[in-house]
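What you see below is based on every heavy atom in this structure, not just the backbone, and it leaves out hydrogens, waters and symmetry mates. Count residues from 1 along the sequence.
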Amino acid sequence: MASIELELHTDDPREAAALRAYWTLAEDGETWQQTVTAIRNEYGFTQREMQVLVQQAGTARIHGVECPDCGDPQEATSRSNYADLLRLGNVLCPACKTAAEEARRQAAQELQAKRQKALRQMFPIATDLTLEPEDLTLFQAVALHALFSDPAVQDAGLTTPTDIWPKERRWAPESLRYEYERRLLRPETRALIDAHHDSGPDAFEWEDSEPTGSFYLGRVSYYLVGAENDLAALVPRLLNRLNQVFREGPWPTPWLNQWRDLWEELAIAQAGAYLDMKLREHHLEMKQGDGTRAALADALATFSLGQVFNFIYRAAKDSAAYYQRGGVNKKQAANSTISRISTSADRARANGWEVKSFGMPWNLPFSAIAETFFNKVMWQADVMTVVMRDAHPPLHAWPSEEAADKDDQSTVEAPEDTGIELPDFPPASDYMQQFGEDSATAQVMRYALLTPDGEITFGQATWREIRTQLGSNIGGENGLEFLGSLYPAAVYYFVPYAADDRPMNKVANSMFWELTAPVPPQDDEEDPEPHNPEDRVIKLRGPVVFVDRHNGGLSSEQEHALREAHTSAVAHLRARGWL
């Protein structure tokens, strides 16, 4: 049985008596003779004073519970600590515990030093000629620029491991990240980057405390191979040369044949990421393979990335509804999304439909490589609206003689009259004026606002002011659907990323159905083009806006047609008790 030996460090009789009472056990040897409250009341100590007294006025040693290293009795600091020591048994005393921790720390430092020495021998700094843009493929130039533009590289010339790049701006698309690292590490010609021996030890593979020579992609820090020993000095020189070529040209000749492959690869990866995100929102998921990439590549051959996002958005919603109807499991429902995307793209391509282009969601930003390629290299202001087959490198990409030839060919003769009258759309500068920051110069346009309760109001405002009336200040996507009989007037609406619990705008849906009905053929028309009824189906929620952006607002004829359609829709819905 354990016993307590008390050593006093006070000459005050009252303190000594209180301390003895505190550490006195009852006759059973397991409980205390007096409670702490009783001792405090008897000797006139406050709770805080009693705590200080126990900690500083004496040392209580427990015989029968010794330190396994030095053999000294354990020292209890309080009654609760005494109970813990009895329960734990022979544990290290504070002095031996401190010594053991110091020994472990020393051993860890020695092991780290040993590992660092082994890594320096296994991964010496490689030197080679300084890299020039013409030594690189277009992919290598873009990937190296994105990798070494990270501000953390400035200190020692070492990159941040790609595993810990922020989610808001990954180095490369997640589906291509490791493949891109392999392509940079194992080029067909000369070495470009290599793993640095100062990377974290867990980035390397070890066997009996010796490195095997292998390392884990995503965990190591890379350095730029070059002729200088100062790794940090190599980086700005390469970045400056690449920036000059990206900005002023000319491109190395091989790049002119490589940009389409990189464009397609990055666009497919971004579309695949959007597909995953939309399926997850509906609690569906699928494993993307070659079939998925082939379907996305086929759609992107004809449509822009934003238009393919449109196909994906609708296909994911239809797959979720397919699952909710029952009869299929989640895997089957998710896999059906690919066929829906292909079908939508084929139908739109065959019928020549104008497909609305979606914007890039805020929670799915481009990777650093994609951002560098599309913005800095290809000079695309909004890649979401550009079809790859219509894209081309900037004029300065070609040598001066070829650029002059292409400049001469930039004026294309007008095509012959086909008998089709196209609307005269305003130039891009007019659209930019609609988004003017200065309220005094921003273009004001006529619009109609229709709320879910069926009330329609007409007014004039700038495009930014109109958008705020849709409640688009939260995360979501804006949609624009043209009205067939009032083209180019359209209905503008907002769809939040979260669950849309806003009331259905029944009047707007009814008006859209009426205003997108097939236009009756004229007397001189033969065999009018058939109209697909599914093109008239749309489910609008919350407030919507009718506007004609191409002509700076609604015309009086369009406004009159909207008023008539509104009156008809309200009467129709009220007759059936739906409004």
Side-chain angles (χ1 to χ4, degrees), residues 1-119 161 163-164 167 198-212 216 219:
M1 179 181 294
S3 60
I4 299 177
E5 175 192 351
L6 179 62
E7 178 184 353
L8 296 173
H9 307 314
T10 178
D11 296 331
D12 188 327
R14 186 170 67 98
E15 292 181 350
L19 200 57
R20 289 193 189 94
Y22 181 87
W23 288 112
T24 300
L25 291 167
E27 293 182 359
D28 58 9
E30 296 181 357
T31 59
W32 301 101
Q33 190 175 63
Q34 287 182 276
T35 65
V36 177
T37 302
I39 297 172
R40 286 173 41 219
N41 292 337
E42 180 178 351
Y43 294 98
F45 289 106
T46 65
Q47 182 178 1
R48 177 59 184 164
E49 290 172 342
M50 193 67 192
Q51 290 176 347
V52 174
L53 180 67
V54 172
Q55 293 173 0
Q56 300 179 0
T59 302
R61 297 184 178 88
I62 310 173
H63 291 279
V65 182
E66 290 82 17
C67 172
D69 276 10
C70 63
D72 291 342
Q74 293 284 6
E75 296 180 357
T77 57
S78 65
R79 287 184 174 184
S80 59
N81 180 238
Y82 170 81
D84 291 339
L85 292 173
L86 290 181
R87 177 174 51 83
L88 296 173
N90 294 330
V91 295
L92 293 178
C93 64
C96 293
K97 186 177 181 180
T98 301
E101 291 176 352
E102 181 62 29
R104 284 195 296 270
R105 188 162 42 250
Q106 184 67 25
Q109 291 176 353
E110 292 176 358
L111 177 61
Q112 183 178 3
K114 181 181 177 181
R115 285 187 167 185
Q116 284 295 329
K117 182 178 179 181
L119 288 174
D163 274 356
I164 60 175
K167 293 182 179 180
D198 285 342
S199 304
D202 62 341
F204 300 92
E205 187 179 62
W206 299 87
E207 185 174 331
D208 297 331
S209 299
E210 293 294 330
T212 64
Y216 298 99
R219 298 186 187 178

Y22 OH to F45 CZ distance, which is reported to the nearest 0.5 Å = 13.5 Å
Which atom names give the shortest non-hydrogen contact between L119 and P211, and what distance separates them?
-> CD2-CB, 4.0 Å
Work out which heavy atom in T46 is nearest to a heavy atom in R40; give both atom names and the distance.
-> C-NE, 3.7 Å
Flag yes if more than 12 heavy atoms outside E7 fall under 6.0 Å of its CD atom; otherwise flag no.
-> yes
Do E42 and Q34 have side chains that get closer than 4.5 Å, going by heavy atoms?
-> yes
Backbone N/O of R14 and side chain of D12: donor-acceptor pair under 3.5 Å = yes
Working for side chain to side chain contact (heavy atoms under 4.5 Å, CB included), residues L25 and T31 | CA-CA 6 Å; L25 291 167; T31 59; over 6 Å; no
Measure across I62 and P73 and return the closest heavy-atom pair with its distance rounded to 0.1 Å.
-> O-CB, 3.4 Å
Under 3.5 Å donor-acceptor, R219 side chain and P161 backbone = no
How many angstroms lie between OH in Y43 and CG in L53, if you round to the nearest 0.5 Å?
-> 11.0 Å
Between the main-chain N or O of P201 and the side-chain N or O of W206, is there a donor-acceptor pair closer than 3.5 Å?
-> yes
Test item: F204 and Y216 side chains (from C-beta on) under 4.5 Å apart, heavy atoms = no
Are T10 and E15 close enough that a side-chain donor and a side-chain acceptor fall under 3.5 Å?
-> yes
Interatomic distance, Q47 atom CD to M50 atom CE [nearest 0.5 angstrom] = 11.0 Å
Answer yes if the side chains of E205 and T212 hold a donor-acceptor pair under 3.5 Å, and no otherwise.
-> yes
Enter the distance from Q74:CD to N81:CG here, rounded to the nearest 0.5 Å.
-> 8.5 Å
Shortest non-hydrogen pair, I4 vs A60, comes out as CG2-CB, 4.0 Å
Hey, does L19 have a side-chain heavy atom less than 4.5 Å from the side chain of V54?
-> yes
Check whether any side-chain heavy atom of Q55 lies under 4.5 Å from a side-chain heavy atom of T77, and answer yes or no.
-> no
Donor-acceptor under 3.5 Å (N41 side chain, G44 main chain) = no
Just by distance, with hydrogens left out, do Q56 and H9 show a side-chain donor and acceptor under 3.5 Å apart?
-> no
Any side-chain donor near an acceptor of the partner, S80 and S78, under 3.5 Å | yes
